[in-house]
Amino acid sequence: MDHVPDHERFMRRAIELSAKGGLEEKTGGCFGAVIVKDGEIVGEGYNHVVAENDPTWHGEVAAIRDAAKKLGTYHLTGCTLYTSAYPCPMCLTAAFWARIDKMYYGARCEDVLLYGAFEDENFYEELAKPPEQRALVPETELLREEAVEVWKKFSEIPNRVHY
């Protein structure tokens, strides 16, 4: 059955969730998201960073977790993400890992910076640099051989789950 998506309705729900978290409940920033499959919302989420003291509880990640749980899968192929603002690098990458088919966003990074002082663009700039030039989190390889031994054992498991 072919479903014609109602893009504006789904985006309005994501924006409504952003207001719920950012303005009403004040659980975090104004970030809301929905996941849609076959014309139906299968996952919703909004920012809870402040309420839960969890820097990963972003709207998109919450919506992805909700949809994956409801659908019983860690790959959300066939799904579309509607998010009230362009995702931060963590959320964008979470959408990649979830295998989301398409994404629609409302506010741009510059809007979020101007009105909320959220500096997502800085993170994108840092990620574009080689690891040794990044200023936010200095990175150092340590005990690689020991870490790789675990991966070698994992590679030998015949029925290992690949995602």
Side-chain angles (χ1 to χ4, degrees), residues 3-71 73-142 163:
H3 294 274
V4 178
D6 184 353
H7 299 303
E8 290 182 1
R9 178 171 63 93
F10 298 136
M11 182 58 76
R12 283 193 178 101
R13 179 61 181 154
I15 293 168
E16 180 180 296
L17 290 166
S18 78
K20 182 176 182 178
L23 305 177
E24 297 166 26
E25 295 181 6
K26 296 181 176 67
T27 55
C30 300
F31 302 101
V34 297
I35 306 287
V36 174
K37 184 171 186 170
D38 297 328
E40 298 293 327
I41 293 175
V42 295
E44 294 187 337
Y46 56 95
N47 192 293
H48 280 77
V49 168
V50 174
E52 299 296 329
N53 294 315
D54 182 346
T56 68
W57 199 322
H58 291 198
E60 297 92 340
V61 170
I64 289 168
R65 288 175 180 161
D66 188 37
K69 186 173 184 176
K70 286 178 180 168
L71 296 174
T73 181
Y74 47 84
H75 280 169
L76 299 177
T77 51
C79 292
T80 301
L81 168 65
Y82 293 83
T83 177
S84 64
Y86 193 82
C88 72
M90 176 183 70
C91 292
L92 185 60
T93 306
F96 294 162
W97 273 109
R99 308 301 196 263
I100 299 281
D101 284 2
K102 190 162 179 75
M103 177 182 75
Y104 293 89
Y105 63 92
R108 297 177 180 173
C109 289
E110 57 263 30
D111 302 322
V112 172
L113 177 61
L114 178 63
Y115 297 108
F118 286 88
E119 302 172 298
D120 292 3
E121 285 185 5
N122 292 353
F123 295 137
Y124 281 108
E125 291 170 6
E126 282 295 306
L127 287 172
K129 296 176 184 177
E132 64 276 3
Q133 294 178 13
R134 294 180 189 150
L136 294 177
V137 179
E139 302 172 30
T140 304
E141 185 178 288
L142 182 65
Y163 57 95

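Atom CG of Asp6 is separated from atom CD of Glu40 by 11.0 Å, given to the nearest 0.5 angstrom. Here Glu125 contributes atom CD and Leu136 contributes atom CG; the two are 10.0 Å apart, rounded to the nearest 0.5 Å. Between the OG atom of Ser18 and the CE atom of Met11 there is a distance of 10.0 Å, given to the nearest 0.5 Å. The distance from the CD1 atom of Ile64 to the OG1 atom of Thr83 is 9.0 Å, given to the nearest 0.5 Å.
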Exercise for the section: Walk me through it: do Phe31 and Phe118 pass the test ring pair (Phe, Tyr, Trp, His ring centres under 6.0 Å)? Expected result: CA-CA 11 Å; Phe31 302 101; Phe118 286 88; 5.1 Å; yes
Practice task
List the steps, then state whether side chain to side chain contact (heavy atoms under 4.5 Å, CB included) holds for Ile41 with Val34.
Solution key: CA-CA 7 Å; Ile41 293 175; Val34 297; 4.3 Å; yes
Exercise for the section: Evaluate the criterion side chain to side chain contact (heavy atoms under 4.5 Å, CB included) for residue pair Thr93 and Trp97; output intermediate values, then yes/no. Expected result: CA-CA 6 Å; Thr93 306; Trp97 273 109; 3.7 Å; yes
Problem - Residue pair Lys69, Tyr74: steps toward the side chain to side chain contact (heavy atoms under 4.5 Å, CB included) verdict - result: CA-CA 8 Å; Lys69 186 173 184 176; Tyr74 47 84; over 6 Å; no
Practice task
Quick one: do Asp120 and Leu113 satisfy side chain to side chain contact (heavy atoms under 4.5 Å, CB included)? Show the steps, please.
Solution key: CA-CA 8 Å; Asp120 292 3; Leu113 177 61; over 6 Å; no
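The backbone N or O of Leu92 lies less than 3.5 Å from no partner atom in the side chain of Glu60, so there is not a single donor-acceptor pair. Under a 3.5 Å cut-off, the side chain of Asp66 and the backbone N or O of Glu44 do form a donor-acceptor pair. A donor-acceptor pair under 3.5 Å is absent between the side-chain atoms of His75 and the main chain of Thr73, judged by distance alone. With His58 contributing its side chain and Pro55 its backbone, the two residues share a donor-acceptor pair below 3.5 Å.
Contact between Gly28 and Asn47 at its shortest, heavy atoms only, is CA-OD1, 3.2 Å. The two atoms that bring Ala33 and Ala63 nearest to each other are O-CB, 3.6 Å, heavy atoms only. Annotation for Arg9 and Gly39: closest pair NH2-O, 3.9 Å, computed over non-hydrogen atoms. Across all non-hydrogen atoms, the minimal contact from Thr56 to Arg65 is OG1-NH2, 4.0 Å. Across every non-hydrogen atom of Tyr46 and His48, the tightest pair is O-ND1, 2.9 Å. When every heavy atom of Ser84 is checked against every heavy atom of Cys30, the shortest pair comes out as OG-O, 3.5 Å.
Counting non-hydrogen atoms of neighbouring residues, nucleotides and ligands closer than 6.0 angstrom, the CZ atom of Arg99 exceeds 12 such neighbours. Counted within 6.0 Å of CD on Glu132, heavy atoms from surrounding residues, nucleotides or ligands total more than 12; the atom is thus considered enclosed. Residue Lys70 places its NZ atom among more than 12 non-hydrogen atoms of other residues, nucleotides or ligands, all under 6.0 Å distant. The neighbour count for Lys129 NZ, taken as heavy atoms of other residues, nucleotides or ligands under 6.0 Å away, is above 12.
For Asp101, the side chain to side chain contact (heavy atoms under 4.5 Å, CB included) criterion is met by Thr77, not counting sequence neighbours.
Proximity of Tyr104 to Thr80: side-chain heavy atoms (C-beta onward) are separated by under 4.5 Å at one or more points. Between Ile100 and Ile35, the closest side-chain pair of non-hydrogen atoms falls below 4.5 Å. You'll find the side chain of Leu71 reaches within 4.5 Å of the side chain of Val42, heavy atoms only. By the 4.5 Å heavy-atom criterion applied to side chains, Pro87 and Met103 are counted as neighbours.
Taking 4.0 Å as the cut-off between side-chain N and carboxylate O, Lys20 and Glu16 do not count as a salt-bridged pair.
Counting only N and O atoms by type, the side chains of His7 and Tyr82 include a donor and acceptor under 3.5 Å apart.
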